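For this chain, numbers begin at 1 and follow the sequence in order. What you see is a predicted model; the values in this text were computed from it and never measured.
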Amino acid sequence: MPFSLHYEPIILPSLFNPSNDMALAADSCPYTPPPLVRRMEADLASLSRFWSSGPWGWSRDARWRYLRMGVSASSLPSPEWLRNARQLSSRAFACGYLSSLLRELHDGHFVGDEMRYLSALPSSLTASQQPQAPLVFKSPWSSSGRGVIFSPDGYTPEVLPRLRGFLRTQGGYLQDRLYTDKICDFAMEFVVRHGGEVEFLGYSFFLTGPRGNYRGNLIAPQSAIIQRIGVDEALLNSLILYHRQHLGSLGYQGPVGIDMMLLSGGRVHPVVEINFRHTMGSLALALWRQGITADCELTPVLAHGFQAVVRGGILSISYKS
């Protein structure tokens, strides 16, 4: 759904608020994250020095934080703009965006036509259908592996209560095929500027755990990342062109990261996630451009808590209890 609302961005204090996806899900203002997430935001707050302006992501809560800092309301996105941005950030939007992409590009290398958004459990669901095809379920708003259910047997009795929870609290859920032949995860990083100009910033290559949790991002030149991805560049260029043509018409300004997967046989899932915010991939790109590639601590060394580090060319976040 295209949006025509824009705000004129100014130079705002940078803000690291990785709880923003949770704030979008709650849609409350102000939003109070769980204690461990609050600790993460406090411990890693200095990461905000690596981007020039604005928050990690926009929500009603992010706007409230800036108002608390003394920034005038006229310099911030309007409540209506934020409502539209929240819709864009939902996985429901990602499903529609992917469907349109597959119809327009119709390349045999692309997969993802099984990804759909559901606002109710399937009416044909019965226990006798078990076992089913492997599926992954996701809540409308979540990040870093939270709100994600990997189910090798589809709709099992263990999965149903969590899906009902997604329906009750967020109004729906995403269902997609669980690809057991995944080779790697990667992303395209963009920024949408005022007026709808879309700039492609580069590729990011990231590592995830078996449950989809974030493990780290490669910090390397683009040539090395493209080689690591191993996808035909002509195929990737067709996606870049598509995103540059379509992201600018959404009435959004700011960073956008589109997560993707390479599967066996050269197949590509072109839209696993769309993040209308900064990502660890965009942070990795910023570190590379600023020449931060050697092993180092990006945030203060703490006896207990979270720390962002670069080790062996990998950006990662660790936690010491």
To the nearest 0.5 angstrom, please state how far the [atom1] atom of [X] sits from the [atom2] atom of [Y].
X: Leu98; Y: Arg116; atom1: CG; atom2: CZ; value: 11.0 Å
X: Asn17; Y: Glu41; atom1: CG; atom2: CD; value: 6.0 Å
X: Leu101; Y: His243; atom1: CG; atom2: NE2; value: 6.0 Å
X: Gln245; Y: Leu241; atom1: CD; atom2: CG; value: 4.0 Å
X: Phe206; Y: Leu218; atom1: CZ; atom2: CG; value: 12.5 Å

Is [Y] paired with [X] through a side-chain N to carboxylate O contact shorter than 4.0 Å?
X: Glu189; Y: Arg289; answer: no
X: Glu297; Y: Arg311; answer: yes
X: Arg277; Y: Asp21; answer: yes

* Asked: Under the side-chain contact (heavy atoms from CB on, under 4.5 Å) test, which residues partner Ile183, sequence neighbours left out?
  -> Leu262
* To do: Run through the side-chain heavy atoms of Ile, Leu, Val, Met, Phe, Trp and Tyr, join any pair under 4.5 Å, and report what else lands in Val272's cluster.
  =>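 Its cluster partners, ordered by chain and number, are Val111, Tyr179, Met261, Leu263.
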* Asked: Leu285: which other cluster members, linking ILVMFWY side chains closer than 4.5 Å, directly or transitively?
  -> Val191, Leu201
For [Y], does its backbone N or O pair with a side-chain atom of [X] as donor and acceptor, under 3.5 Å?
X: Arg86; Y: Ser59; result: no
X: Gln222; Y: Tyr203; result: yes
X: Asp232; Y: Leu235; result: yes

Membership question, hydrophobic clusters at under 4.5 Å side-chain separation (ILVMFWY): are [Y] and [X] in the same one?
X: Met280; Y: Trp51; result: yes
X: Ile226; Y: Ile258; result: yes
X: Ile314; Y: Ile225; result: yes

* Derivation and outcome, side-chain contact (heavy atoms from CB on, under 4.5 Å), residues Leu76 and Leu82 -> CA-CA 10 Å; Leu76 297 170; Leu82 292 171; over 6 Å; no
* Check ring pair (Phe, Tyr, Trp, His ring centres under 6.0 Å) between His246 and all other residues, then give those that pass, not counting sequence neighbours. => Tyr242
* Asked: Can you name the residues that form a ring pair (Phe, Tyr, Trp, His ring centres under 6.0 Å) with Tyr319, not counting sequence neighbours?
  -> Phe306
* To do: Answer yes or no: does atom CD of Glu114 have more than 12 heavy-atom neighbours from other residues, nucleotides or ligands under 6.0 Å?
  =>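 More than 12 within 6.0 Å, yes.
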Less than 4.5 Å apart, side chain to side chain, heavy atoms only: is that true for [X] and [Y]?
X: Ile229; Y: Met260; answer: no
X: Leu163; Y: Gln175; answer: no
X: Leu298; Y: Leu287; answer: yes
X: Ser78; Y: Arg63; answer: no
X: Asp107; Y: Val268; answer: no
X: Ile11; Y: Ser52; answer: no
X: His269; Y: Asp176; answer: yes
X: Val271; Y: Leu102; answer: no

* **Test side-chain contact (heavy atoms from CB on, under 4.5 Å) applied to Ile149 and Val136, step by step** => CA-CA 6 Å; Ile149 306 169; Val136 59; over 6 Å; no
* Asked: Pick from Asp259, Leu174, Thr279: which one makes a side-chain contact (heavy atoms from CB on, under 4.5 Å) with Glu273?
  -> Asp259
* To do: Applying side-chain contact (heavy atoms from CB on, under 4.5 Å), run through Lys138 and Tyr173 and close with a yes or a no.
  => CA-CA 6 Å; Lys138 302 178 183 181; Tyr173 63 91; over 6 Å; no
* By salt bridge (charged side-chain N to carboxylate O under 4.0 Å, His left out), which residues pair with Asp181, not counting sequence neighbours? ->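 Partners of Asp181 by the salt bridge (charged side-chain N to carboxylate O under 4.0 Å, His left out) criterion, ordered by chain and then number, come out as Arg267.
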Residue pair [X] / [Y]: nearest heavy atoms and the distance that separates them:
X: Trp81; Y: Gly251; answer: NE1-O, 3.1 Å
X: His109; Y: Gly266; answer: CD2-O, 3.6 Å
X: Ile219; Y: Ile292; answer: CG2-O, 3.8 Å
X: Ala284; Y: Asn217; answer: CB-CB, 3.8 Å
X: Thr299; Y: Asp43; answer: CB-O, 4.0 Å
X: Ser14; Y: Ser53; answer: OG-N, 3.5 Å

* Could you go step by step and tell me if Leu250 and Val192 meet the side-chain contact (heavy atoms from CB on, under 4.5 Å) rule? -> CA-CA 10 Å; Leu250 301 176; Val192 183; over 6 Å; no
* Over 60° means perpendicular and under 30° means parallel, so classify the ring planes of Trp56 and His278, tilted if in between. =>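 Rings of His278 and Trp56: tilted, as their planes differ by 30° to 60°.
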* Asked: Should the ring pair Phe190 and Phe200 be called parallel, tilted or perpendicular, given that the plane angle runs from 0 to 90° and is split at 30 and 60?
  ->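 Phe190 vs Phe200 ring planes: tilted.
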* **Qualifying residue, where the test is ring pair (Phe, Tyr, Trp, His ring centres under 6.0 Å) with Phe137 and the options are Tyr117, Phe166, Phe150, Tyr155** =>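 Checked Tyr117, Phe166, Phe150, Tyr155 against Phe137; only one passes ring pair (Phe, Tyr, Trp, His ring centres under 6.0 Å): Tyr155.
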* Please name the residue in the list Trp58, Tyr252, Trp141 that meets the ring pair (Phe, Tyr, Trp, His ring centres under 6.0 Å) test with Phe276. => Tyr252
